[in-house]
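To start, the structure under review is shown below, and the notes come after it.
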Amino acid sequence: MAHPPESMDQSTQRKHPPYVLIWVVLAVLTAAEVGVAFLQDWPKTLLVIILVLLAAWKALLVALYFMHLRFERNRMRIIAIAPLPLAVILVVAVITEYIL
Amino acid sequence: MDWTLPPGVSTFAADIDRMYYLILWITGAAFVIVEATLVWFLIRYRSRPGRKARYYHGNLRAEVIWTAVPAVVVVMIGIMSGGVWNEIRGRDSIPPNAVPIEVRAKQFEWNATYPGPDGAFGTTDDFTARNRLTVPVDTPVVVRLTSEDVIHSLFIPAFRVKQDAVPGMTVNVWFQVTETGEYALACAELCGNGHTTMGGTVEVVAQDAYARWLEVESSRRAASR
Amino acid sequence: MTSVAAPIEHGGHADAHAQSFVRRYIFSTDHKIIGIQFLLLSLVGLLVGGSLAMLIRWQLGFPTQAMPGGGILPETMAPGGVLLPEFYNALVTMHGTFMVFFAIMPLLVGVFGNFLIPLKIGAADMAFPRLNMASFWIAVPAFALMVVGFFVEGGHAGAGWTSYAPLSANPEWSGVSLGQQIWCVSLVVLGLSSILGATNYITTIINMRAPGMFWFRLPLSIWSLFITAVLTLLAIPILSGAAIMLLFDQTIGTTFFLPPDGGQPLLWQHIFWFFGHPEVYILILPAMGVVSDIIANGSRKPIFGYHSMVYAIIAIGFLGWIVWGHHMFQSGMNPTLGMSFMISTLLIAVPSAIKTFNWLGTMWEGSIRLHVPMLHACAFVSMFVIGGLSGVFMASTTVDIYIHDTYFIVAHIHYVLFGGSLFAIFGAVTFWYPKMFGRMMSRFWGYVHFGLTFLFYNLTFFPMHQLGLGGHMRRIYDPTEYEFLQPLQGTNEFITISAFLLFAVQLIFALNFIVSWFTGEKAPENPWQDTGLEWTTPSPPPHGNWPETPTVHHPPYEFSSPLVEEDYLMQDRAAGKETP
Amino acid sequence: MSHAATSAVMLPPARAESGAGVYNEKLGMWIFLGSEVMFFTALIGSYLILRVARPEFWAEPGEILNVPITAANTFLLICSSVTMVKAYASIQDGDQAKLKLYLLATALIGATFVGVQIYEYSELIHHGFLPSGYAEGGELAERAQAGTLPAAVGLYGSTFFTMTGFHGFHVTVGVVCLLYVTWRAFRGRYSAQDHRGVEVIGLYWHFVDLVWIILFTIVYLI
Ligand code: HEA
Ligand code: HEA
Ligand code: CUA
Ligand SMILES: [Cu+2]
């Protein structure tokens, strides 16, 4: 099998990340989000910020551990996040149309 | 028909034309340099028996020069036309005393609503004219431009005015005409099967004539109402 | 090296020799065959787009006169040979659509991406040969669907190749419903094909370069195809998303772009051009790449400033993402935003300048052979410069106020896309034809085709600048409707005549292409005495390209190197020491 | 043929510049995911822009959409990600039995997610919430009359159904691919040494999960 030696490094390491723990964390964060979303007397903007942060946290956990970016080389990490700046450019530029 | 811009009759037409000719000279120079060098090299360095090309991979100084020069030139172009742009479209470029006219575009006609003698919209002396825009000379005019269906584009070549009319939003376009007369008005954005027919005229009249025209028109319309 | 040997495995086509005609020439996984398939498909696309242009020109030159032979067109298009306005709009829309999506893009990316990448980096095939096959066979139905659109109820999409909403979003304003939906679906399907292709190219170039083929030993054609693939990968899905929203606005009652219900017409323009501008660089970067290869070959000299050429490609690729607003200066977009878009747009002149002048620098003190591909490459340089410089006019927000949506823009389009991309394609096809088909194209007819095309091309498109200056709007069915355009009608007729001649002389190319396939003189391994890896294998190359993976010892353009007596040093030639 | 073969000996062996350092399929999947990011950018970006431009077309969280059910569904999808990664871990240890078990579980949970989403859609449509906004005479339309809901929610419907719909579509595709991988697992095609298929489908699956995490927050909770 012409399977490049480089890529074996994570397939051969037998110690697995604490997947179940991450699972619990994700579940808790989701519950927390639903809880926060319905806090009546908090200012909307604050809620939005908190919710987005929680979501980002969850997304990061999935990317780092489930998609094991945490164990990849930097080259792969770069390939993985490369498109994000473009996405931000589009949305930010167009939104300025309406808030300016 | 020649290769120059048609005469412009608005205050900023001159500025726009100046920018155009400036860029024409700059790019013209770049064009001549490139094409001349190309042809010259093709002749001068054509392969001839016994001649071998000189072997080298580049020349840093040369590259720095032909990177820096265009960079400076384009930034200069940017700054200059930015100035004119601000004068025409800048946040507070619209003269406060500008005469307001409402233009609603729809397939395939231009409807211009005038505030009437009292200069206020939404009063009984307002009236609307179709495919015909009448404006006073030497007076800033602001057109409140919008559309009822699809996107159109208000294009008055002689004034160097072009602005899309977008449904759901109102854009203010202003201009100040310097000569009385009749000028063409066209639609510059594909807006359907009648796009090509969506023309009209702009009549530029003396200021007092304009005031009188408002009187006459609004009373006439009122009568017909 | 990561996976030099890998492709043989993954492809599962190592035994292709034993395979049937169908598996080998129709559902082939061989990158060379797929490249040729794309070539045939997109040349037909070019023919379609060109023919539509002829109808457009007839109408503009001789408005509302019965077109000779136009009687064969159905009543819904041209009763008695007189084109209907709605049909004219469909013509313009489809001319743009076919030329951009079904001619130039597949010609550059589909054909040369597939054919050249493995051959030039020393790989036996693509990283994912089956995916490659899929990407072609997905493109075919997209093409067919777009053609069918002409014959459906209500006619084909007629809102321009940019399909501005709300005109495109609501049939009640355009009279077109099914046609516009077909436009959306076809482009989404084609998009899938492009995305699969791009994934394949990027993986291949990153992972499958032969030993010694370092990043900075890649030929510029491969560099530009690589950046192009990245642009394709990231830009096309944006178009797919936009097209899907547009489709939903028409079919399931969503209101993304429909103002009465809160939709935002400018949103369509922003998304479309966020895709659209990278798209136009997808249409020029590969052309620049192949032209660089051809110019170095024609000048018998290493490319001038190879590294800055690479950085220029990357810079253009990146800047292409932050300039889209220059299509929207007059759209009612926030003027302050317009200002920043103007600056970023103008900056693109800088990397373009580097490329232009480095091409000239390559010819400087060279020993120039004016073979047919070289002529086309020189035409590319001179014509692209005209198109590029006219771009600077519109980049200036103020000048754009006047020339926006006039024929000045149309002239720009054709100077960059025909003068640029298409001349490069003519050159590249002639250059790699021997490697594709094992035969040379006729040199004589090549010269004839070049000369006449260059002449009639300029006679057709240069006068469009004049129309633009006169204020001649784009996409109008009948210029004579406007008094102020009547003085220009003479120019319009002149353009039309030249356009017909331009089209006619393209048939020389078509014939040369087809006839040489059967009767052209047999091509040697390296007819142009080039240095690239593809010339170290027979023409056409066998399945798997090389008996064993070649090893690279030299940069791509070692012409006239002192290391060897002949004036070209193959990249894999083990002469003397390694050149860094 | 090239002269290299013969004379290469007299040269130092050419250095091979390693690529991304991972095998093609994995690299390819990551690259493909890049295009998926841009696809969802078009949809999510439009949503954000429209929401900022015309906020009056949106109802408060939970007023129209059913948050409890969706929260449960979100939890389901997260579970499927865990089983997926477990499958990957198992085959890394060469545990075929667990591999099959976890793959099946993942496909199953994924399918359930889609089922629940279909149920959610049918409920919404039943209450009169469509891609075009309220359905005439629908229950929600009446509440809008009564003033307890926004007058019109066209953009809300448009963006909601488009975004969640295409996510659902991605999950469905994922389930199909998972079934294929599972089938191959039962044919014993994967081993501790070579399990590219499992890792690659895993990447796709987790990405779809990640997109849902974002969607759940910005569509249902904000
Ligand atoms: C291959 C395709 C291609 C390419 C390469 C380009 C290249 C450029 N384009 Fe163009 N463009 C199109 C295809 C392309 N364009 C199309 C199809 C449209 C119409 C879309 C539609 O509406 O249908 C369009 C429209 C278009 C517009 C919108 C016009 C309008 O609708 O009002 C603008 C505005 O800025 C623009 C600008 C530019 C610029 C600045 C470049 C630059 O990249 C050019 C850079 C190159 C040079 C400048 C020449 C080389 C440099 C030198 C010789 C150095 C010296 C130069 C200076 C000192 C200035 N283009
Ligand atoms: C690569 C792109 C490309 C090319 C090559 C062309 C080629 C031509 N185009 Fe144009 N054109 C566009 C892209 C292109 N165009 C775009 C994007 C628009 C904007 C559309 C819009 O507004 O929405 C446009 C718009 C446009 C207009 C403006 C219409 C309007 O606004 O009302 C006009 C008008 O004259 C025109 C004319 C022509 C002509 C006469 C040609 C001639 O050069 C055609 C000559 C013929 C050929 C080049 C084909 C030759 C065939 C072969 C060589 C194939 C050989 C076959 C085999 C071997 C099997 N085009
Ligand atoms: Cu109105 Cu074109
Ligand atoms: Cu552009």
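Convention: sequence-line order gives letters A, B, ...; per-chain numbering from 1.
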Is there a donor-acceptor pair closer than 3.5 Å between any side-chain N or O of Thr196(B) and the backbone N or O of Asp478(C)?
yes
Looking at Gly194(B), Ser81(B), Gly58(B), which has the largest count of heavy-atom pairs under 4.5 Å with chain C?
Ser81(B)
Give, as side chain, backbone, both or neither, the part of Leu258(C) having an atom under 4.5 angstrom from any heavy atom of chain B.
neither
Given a strict heavy-atom distance threshold of 4.5 Å, which part of Arg475(C) is in contact with chain B: side chain, backbone, both, or neither?
both
Quick one: which of Tyr55(B), Tyr56(B), Tyr45(B) gives a side chain to side chain donor-acceptor pair (under 3.5 Å) with Glu365(C)?
Tyr56(B)
Give the minimum heavy-atom separation between Gln163(B) and Gln330(C), together with the two atoms involved.
NE2-O, 3.1 Å
Do the side chains of Asn193(B) and Tyr88(C) get nearer than 4.5 Å, heavy atoms only?
no
Side chains of Ser396(C) and Ile23(B): closer than 4.5 Å at any heavy-atom pair?
yes
Would you mind checking which part of Asp17(B) comes under 4.5 Å of any heavy atom in chain C, side chain (CB onward), backbone (N, CA, C, O), both or neither?
neither
Return the option, out of Thr397(C), Val399(C), Asp400(C), with the maximum number of heavy-atom pairs under 4.5 Å with chain B.
Thr397(C)
Contact class of Pro259(C) relative to chain B, heavy atoms under 4.5 angstrom:
side chain
Of all of Asp15(B), Val171(B), Ile16(B), which one pairs up most often with chain C through heavy atoms under 4.5 Å apart?
Ile16(B)
Less than 4.5 Å to any heavy atom of chain C: does that hold for the side chain of Met19(B), its backbone, both, or neither?
both
Please classify the contact of Ile88(B) with chain C as side chain, backbone, both or neither, using a heavy-atom distance under 4.5 Å.
side chain
Counting heavy-atom pairs closer than 4.5 Å to chain C, which one of Arg44(B), Met198(B), Arg46(B) comes out on top?
Arg46(B)
May I ask you to check whether Phe408(C) and Trp3(B) place their ring centres under 6.0 Å from each other?
no
Proximal component of Glu481(C), with respect to chain B [non-hydrogen, under 4.5 Å]
side chain
List the atom of Ser561(C), the atom of Lys52(B), and the distance in Å for their closest heavy-atom pair.
O-NZ, 4.1 Å
Contact part of Leu370(C) toward chain B, heavy-atom cut-off under 4.5 Å: side chain, backbone, both or neither?
side chain
Using heavy-atom distances under 4.5 Å, tell me whether Leu42(B) contacts chain C through its side chain, its backbone, both, or neither.
both
Contact part of Tyr402(C) toward chain B, heavy-atom cut-off under 4.5 Å: side chain, backbone, both or neither?
both
When only pairs under 4.5 Å are counted, which of Gly175(C), Gly158(C), Pro562(C), Pro351(C) shares the most heavy-atom pairs with chain B?
Pro562(C)
Can you confirm whether Glu483(C) is buried at CD, in the sense that more than 12 heavy atoms of other residues, nucleotides or ligands lie under 6.0 Å from that atom?
no
Let me know if Phe559(C) has heavy atoms under 4.5 Å from chain B in its side chain, its backbone, both or neither.
backbone
Do any N or O atoms from the side chain of Arg51(B) and from the backbone of Gly366(C) form a donor-acceptor pair under 3.5 angstrom?
yes
Specify which of Trp359(C), Phe357(C), Tyr477(C) makes the most heavy-atom pairs with chain B at under 4.5 Å.
Phe357(C)
Is it the backbone or the side chain of Gln489(C) that comes under 4.5 Å from a heavy atom of chain B, or both, or neither?
neither
Side chain, backbone, both or neither of Phe484(C) within contact of chain B (heavy atoms, under 4.5 Å)
side chain
A side-chain contact here means heavy atoms from C-beta on lying under 4.5 Å apart; do His57(B) and Phe304(C) qualify?
no
Does Asp164(B) form a side-chain contact (heavy atoms from CB on, under 4.5 Å) with Ser331(C)? I'd like the steps, not just the answer.
CA-CA 5 Å; Asp164(B) 287 8; Ser331(C) 68; 4.0 Å; yes
Under a 4.5 Å heavy-atom cutoff, which of Gly82(B), Gly168(B), Gly83(B), Ala158(B) has the most pairs with chain C?
Gly82(B)
Heavy-atom closest pair, residues Ser382(C) and Leu38(B)
CB-CD2, 3.8 Å
Is it true that the side chains of His307(C) and Glu63(B) contain a donor and an acceptor less than 3.5 Å apart?
no
Give, as side chain, backbone, both or neither, the part of Met363(C) having an atom under 4.5 angstrom from any heavy atom of chain B.
both
Exercise: identify the closest heavy-atom pair between Val150(B) and Pro166(C)
CA-CG, 3.9 Å
For chain B, find which of Val92(C), Ile386(C), Asn358(C) contributes the most heavy-atom pairs closer than 4.5 angstrom.
Asn358(C)
Output the option from Leu360(C), Val385(C), Val350(C) having the highest count of non-hydrogen pairs under 4.5 Å with chain B.
Leu360(C)
Chain C shares the most heavy-atom pairs under 4.5 Å, among Gly28(B), Ala53(B), Ala165(B), with Ala53(B)
Decide yes or no for Phe12(B) and Thr398(C): does some side-chain heavy atom of the first lie under 4.5 Å from some side-chain heavy atom of the second?
no
How about Tyr164(C) and Leu190(B): do any of their side-chain heavy atoms sit closer than 4.5 Å?
no
Might you point out which heavy atoms bring Ile151(B) and Ala165(C) nearest each other, and give the distance in Å?
CD1-O, 3.4 Å
Output field: ring centroids Tyr20(B)/Phe393(C) closer than 6.0 Å:
yes
Output, in order, the C-alpha distance, side-chain angles, deciding distance and verdict of side-chain contact (heavy atoms from CB on, under 4.5 Å) for Phe155(B) and Met473(C).
CA-CA 9 Å; Phe155(B) 180 31; Met473(C) 294 81 75; 3.9 Å; yes
Interchain contact, Leu24(B) with chain C, by part (heavy-atom threshold 4.5 Å)
both
Run the ring-ring contact (aromatic ring centres under 6.0 Å, His included) test on Trp173(C) and Phe108(B) for me, step by step, so that the C-alpha distance in whole Å, both residues' side-chain angles and the decisive distance to 0.1 Å come before the verdict.
CA-CA 11 Å; Trp173(C) 291 319; Phe108(B) 296 97; over 10 Å; no
Looking at Gly8(B), Pro70(B), Pro167(B), Ala184(B), which makes the most heavy-atom pairs under 4.5 Å with chain C?
Pro167(B)
Hey, does the side chain of Trp66(B) reach the backbone of Thr356(C) with a donor-acceptor pair shorter than 3.5 angstrom?
no
So which residue, Thr345(C), Asn170(C), Thr162(C), Ile476(C), ends up with the most heavy-atom pairs under 4.5 Å with chain B?
Ile476(C)
What part of Val34(B) gets within 4.5 angstrom of chain C, counting heavy atoms only: side chain, backbone, both, or neither?
both
Examine whether an atom of Asn89(C) lies under 4.5 Å from a heavy atom of chain B, and if so say whether it belongs to the side chain, the backbone or both; otherwise answer neither.
side chain
Stacked cation flag Lys162(B) on Phe329(C), 6.0 angstrom / 45 deg
no
Less than 4.5 Å to any heavy atom of chain B: does that hold for the side chain of Thr406(C), its backbone, both, or neither?
side chain
Indicate yes or no: at least one non-hydrogen side-chain atom of Glu172(C) is less than 4.5 angstrom from one of Asp149(B).
no
I need the minimum non-hydrogen distance between Val74(B) and Leu346(C), along with the two atoms involved.
O-CD1, 3.7 Å
Check whether Leu185(B) gets within reach of chain C through its side chain, its backbone, both or neither, counting any heavy atom under 4.5 Å.
backbone
Turns out that what part of Ile303(C) lies under 4.5 Å from chain B's heavy atoms comes down to backbone
